Engineer: 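Provided herewith is a single structure, encoded as structure tokens, for subsequent inquiry.
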Number of protein chains: 2
Amino acid sequence: MIVVTEKKLTAIYTGIAQALGATQEEADIFARCHVRADLRGMYTQGAAIIPYTVGLTEKNIARFGVPFKILRDEAGMCLVDAGFGVGVVVGTRAMELAMEKARKAGTGCVWVQHGGDFNMTANPVLQAVEQDMVGIVMRNEGPRVAPWGGRDPFFYTNPIAVGVPTGKEPPIIIDMAAGSFSVGQVVMAARDNRLLPSAHLVTSEGVYTDDATKIVINPALRESKFNGGIVTLGHKGLIWALIVELFSGLLPGVNTSNKNNYDPTGEQPLNDGAFYMAIDVSKLQPVTEFKIAADEFSRALSSVRPAEGFDRVVVPGEGEAAREAQRRKEGIPIRDEDWQGVLDVAARYKVEANSTN
Amino acid sequence: MIVVTEKKLTAIYTGIAQALGATQEEADIFARCHVRADLRGMYTQGAAIIPYTVGLTEKNIARFGVPFKILRDEAGMCLVDAGFGVGVVVGTRAMELAMEKARKAGTGCVWVQHGGDFNMTANPVLQAVEQDMVGIVMRNEGPRVAPWGGRDPFFYTNPIAVGVPTGKEPPIIIDMAAGSFSVGQVVMAARDNRLLPSAHLVTSEGVYTDDATKIVINPALRESKFNGGIVTLGHKGLIWALIVELFSGLLPGVNTSNKNNYDPTGEQPLNDGAFYMAIDVSKLQPVTEFKIAADEFSRALSSVRPAEGFDRVVVPGEGEAAREAQRRKEGIPIRDEDWQGVLDVAARYKVEANSTN
């Protein structure tokens with residue numbers, strides 16, 4: 001484990017993005033989004049994903065310097081083609097656009113074609129929260145998750161994030177996968193030979209298991225293919241995955257995850273989609289009143305008396321906010337193998353990574 | 001069990017609403033929504049709920065003849081006070097308003113204060129689907145569901161419904177509670193002395209149980225109070241309940257469920273809220289193309305090979321659509337005690353209920 005300052009990490013990520021051809025604006029977004037994942041302890045979306053994301057741009061599956069093409073435009077919504085832009089850049093721009101709409105129409109919905117993986121799903125909703133808006137995002141990709149009752153991967157893990165502005169309490173930040181586990185959790189469980197906490201995996205023979213080695217083909221590969229899939233959390237989990245597929249696949253007119261492949265190439269990137277929504281709270285009530293109510297709600301939720309086996313009820317986002325504040329002061333711990341991955345990329349692109357500040 | 005025609009049931013429900021002071025439009029909505037629940041097999045929202053709903057109007061907790069008061073109005077959204085209108089009437093009008101907005105702005109969001117229980121959550125989204133729109137609804141009420149890790153009721157069961165138009169396949173209609181069970185399921189399990197399929201109830205001592213008699217105070221009462229609560233389906237279930245609370249409580253500026261009581265009175269009805277959204281599919285892509293894609297998606301989902309212990313994957317709404325088609329032809333079977341409840345109300349209001357057609 002190494003500890004790196006936010007400033008140093010930002011400089012390295014910015015340098016990498018610039019070396020890959022990003023504009024200054026794009027490089028800033030790239031660095032900010034990945035550093036924020038490291039700050040909040042979502043390391044699989046920060047340092048650990050840098051080599052993978054860089055690989056996508058090298059293979060031309062994700063591209064810097066591509067502007068949005070507006071396909072449909074209405075007062076409350078629009079549909080854009082992101083042209084296989086780099087995910088975090090697309091995500092930031094799409095939420096900006098949703099907020100622009102919301103400032104005029106009260107709510108803004110942006111459907112995105114070909115926007116790729118925006119990594120930490122919380123990033124665009126934090127962006128909305130910092131403008132006193134409620135933010136929502138969803139996206140699809142390739143088939144990873146079997147529907148309840150089925151054995152074949154059909155949905156992507158279909159992440160959803162929702163952000164709620166608060167006053168004194170940490171913002172409520174929901175960041176979850178509609179599958180029972182994330183792809184990263186499953187691959188790492190296989191790599192470490194750990195059983196998962198529940199049998200929410202299914203083999204291609206249709207057998208439920210908690211043993212990730214039975215489905216992960218190459219545990220050394222972060223995005224390893226599966227032989228079988230993750231399973232949704234019951235029929236309700238199927239429903240959540242379906243809602244994300246509706247918003248990310250059917251409505252923007254791209255593929256639903258079941259129609260995408262595992263293996264995108266520069267010639268055939270994924271025909272994926274995403275959804276962004278911003279709600280301008282001030283159009284419904286004074287923002288200060290909303291924040292007081294959100295604070296009260298958050299405190300009341302964490303004050304619910306615990307059930308057997310629990311210490312307390314956890315409000316989504318509170319742990320990440322505490323971690324972020326601490327790491328801004330004390331530096332960001334990064335696992336050795338993840339740091340090595342960043343250093344390798346930095347060396348390849350001649351980005352200074354060993355300065356002391 | 002008795003079998004009643006759609007026509008006869010419609011006449012009885014219409015007559016009851018009229019006797020309670022409904023306008024013709026309101027009586028038509030009242031009858032249509034409750035009959036549709038009976039047709040789709042959601043009997044706890046049809047015949048079985050009639051005496052309860054009538055009781056609400058008698059106690060002045062739910063009121064016919066109250067127009068919407070528009071509190072905020074923007075291109076893509078509005079906020080209305082429904083003035084404790086009868087739930088199904090409020091729900092129908094709110095979705096109509098959301099669709100009006102969507103026809104102009106692409107999407108329409110309507111936040112409703114004091115709209116009460118709109119019964120079968122699928123009703124307003126079916127209304128949107130029949131206009132080639134995607135429809136979404138959510139609502140809150142009083143505390144019934146304990147958050148994951150907690151023992152005190154905090155959320156309402158917080159229903160969500162989503163409707164997706166299709167072409168040849170039945171529309172995809174999601175209609176689910178964010179809690180592990182509905183209030184009706186729990187009360188009836190206690191009444192029938194049946195254990196629930198999982199231990200997603202918690203007593204006021206914090207002990208998890210599958211025995212509804214340990215928390216239901218009066219099993220004879222459909223809306224009996226609980227001593228303890230239903231539990232969310234894990235932390236993900238807590239998140240879904242929280243999202244509904246955000247949209248139904250915080251954003252419209254009413255109480256979150258934890259701040260409401262069980263026992264509304266005519267003087268103090270619940271300070272509850274709801275959210276309605278309509279998305280005009282034609283603003284994103286040609287409706288025919290969307291429907292072809294939705295059909296393909298639905299067929300692909302139901303074609304996923306089954307896992308061990310399952311016959312097939314179920315697409316939400318397919319069972320209800322089949323039941324509706326059959327019952328329109330063959331009549332609607334109604335349980336004796338539910339029919340008796342309807343007859344009692346009809347007799348009290350001198351509504352003819354024993355004609356033969």
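To find a chain, count down the sequence lines: A is the first, B the second, and so on, and within it residues start at 1. In this text, all values refer to a predicted model and were calculated from it rather than measured experimentally.
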Engineer: With chain A as the partner, which of K101(B), E296(B), K283(B), R312(B) has the greatest number of non-hydrogen pairs under 4.5 Å?
Structural biologist: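 Looking at each of K101(B), E296(B), K283(B), R312(B) in turn, K283(B) comes out on top.
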Engineer: Specify which of E289(A), E205(A), E308(A), H235(A) makes the most heavy-atom pairs with chain B at under 4.5 Å.
Structural biologist: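 It is E308(A).
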Engineer: Among P147(A), A294(A), A102(A), single out the residue with the greatest number of heavy-atom pairs under 4.5 Å to chain B.
Structural biologist: P147(A)
Engineer: Let's test your reading of the structure: which of A293(B), A300(B), G253(B) forms the most heavy-atom pairs below 4.5 Å with chain A?
Structural biologist: A300(B)
Engineer: What I'd like to find out is whether the side chain of L284(B) reaches to under 4.5 Å of the side chain of M77(A), using heavy atoms alone.
Structural biologist: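 When only atoms from C-beta onward are counted, M77(A) and L284(B) do touch, with a gap below 4.5 Å.
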Engineer: Heavy atoms only: give me the nearest V313(A)-G149(B) pair and the separation to one decimal.
Structural biologist: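 That would be CG2-C, 3.8 Å.
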Engineer: By a 4.5 Å heavy-atom criterion (distance strictly below it), what part of F154(B) contacts chain A: side chain, backbone, both, or neither?
Structural biologist: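 F154(B) touches chain A through side-chain heavy atoms alone.
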Engineer: Between V304(B) and D152(A), what is the shortest heavy-atom contact and its length?
Structural biologist: CG1-N, 3.7 Å
Engineer: Looking at P252(B), S180(B), G150(B), which makes the most heavy-atom pairs under 4.5 Å with chain A?
Structural biologist: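 Option with the top pair count is G150(B).
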Engineer: Quick one: does K259(B)'s side chain have a donor or acceptor within less than 3.5 Å of a partner on F297(A)'s backbone?
Structural biologist: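 Answer holds: no.
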Engineer: Between I239(A), L79(A), V231(A), who has the most heavy-atom pairs with chain B when the cutoff is under 4.5 Å?
Structural biologist: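 The candidate making the most pairs under 4.5 Å is I239(A).
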Engineer: What's the shortest heavy-atom distance between T107(A) and G76(B), and which atoms?
Structural biologist: OG1-O, 3.7 Å
Engineer: C78(B), G237(B), G106(B): which one forms the most heavy-atom pairs within less than 4.5 Å of chain A?
Structural biologist: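 Max contact count across the listed options: G106(B).
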Engineer: By a 4.5 Å heavy-atom criterion (distance strictly below it), what part of P286(B) contacts chain A: side chain, backbone, both, or neither?
Structural biologist: both
Engineer: Rounded at 0.5 Å granularity, tell me how far CH2 in W240(A) sits from CE in M176(B).
Structural biologist: 5.5 Å
Engineer: Examine whether an atom of T203(B) lies under 4.5 Å from a heavy atom of chain A, and if so say whether it belongs to the side chain, the backbone or both; otherwise answer neither.
Structural biologist: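 Nothing of T203(B), per the 4.5 Å heavy-atom cut-off to chain A.
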Engineer: May I ask you to name which of I172(B), I279(B), I136(B), V162(B) has the most heavy-atom pairs under 4.5 Å with chain A?
Structural biologist: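 Top count of heavy-atom pairs under 4.5 Å with chain A: I279(B).
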Engineer: To the nearest 0.5 Å, how far apart are CG in L301(B) and OG1 in T256(A)?
Structural biologist: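 Nearest 0.5 Å value for the CG-OG1 distance: 9.5 Å.
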Engineer: Check each atom of W148(B) against the heavy atoms of chain A and say whether the ones under 4.5 Å are side chain, backbone, both or neither.
Structural biologist: both
Engineer: Pick from I243(A), V202(A), L242(A): which one has the most heavy-atom pairs with chain B under 4.5 Å?
Structural biologist: L242(A)
Engineer: Taking all atoms of both residues into account, what is the closest heavy-atom pair of R305(B) and S204(A), and its distance?
Structural biologist: NH2-O, 3.4 Å
Engineer: Of all of G309(A), A178(A), G249(A), A177(A), which one pairs up most often with chain B through heavy atoms under 4.5 Å apart?
Structural biologist: A177(A)
Engineer: Using modelled atom types only, decide if a donor and an acceptor are shared between the side chain of K236(B) and the backbone of G179(A) within a distance under 3.5 Å.
Structural biologist: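 Pair found, side chain donor or acceptor close to backbone of G179(A).
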Engineer: So which residue, V207(B), N258(B), D73(B), ends up with the most heavy-atom pairs under 4.5 Å with chain A?
Structural biologist: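 Heavy-atom pair counts peak at V207(B).
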Engineer: Determine the minimum heavy-atom distance between A75(A) and A75(B), stating which atoms define it.
Structural biologist: CB-CB, 4.3 Å
Engineer: So for V164(A), is it side chain, backbone, both, or neither that comes closer than 4.5 Å to the heavy atoms of chain B?
Structural biologist: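 The side chain, not the backbone.
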Engineer: Please classify the contact of V134(B) with chain A as side chain, backbone, both or neither, using a heavy-atom distance under 4.5 Å.
Structural biologist: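 Only the side chain of V134(B) comes within 4.5 Å of chain A.
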Engineer: Supply the atom-to-atom distance C109(B) SG to M277(A) CE, rounded to the nearest 0.5 angstrom.
Structural biologist: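 One gets 3.5 Å once the value is rounded to the nearest 0.5 Å.
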Engineer: If you tally heavy-atom pairs under 4.5 Å against chain B, which of P316(A), G234(A), G108(A) wins?
Structural biologist: P316(A)
Engineer: Show the nearest heavy-atom pair for residues K104(A) and E74(B), with the distance to one decimal.
Structural biologist: O-OE1, 3.8 Å
Engineer: Is there a donor-acceptor pair under 3.5 Å between the side chain of Q285(B) and the backbone N or O of L250(A)?
Structural biologist: yes
Engineer: Once you round to the nearest 0.5 Å, how far does CD1 of I174(A) lie from CG of L238(B)?
Structural biologist: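 Output value for this atom pair is 8.0 Å.
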Engineer: With only heavy atoms counted, which part of L71(B) is less than 4.5 Å from chain A, the side chain, the backbone, both or neither?
Structural biologist: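 No part of L71(B) comes within 4.5 Å of chain A.
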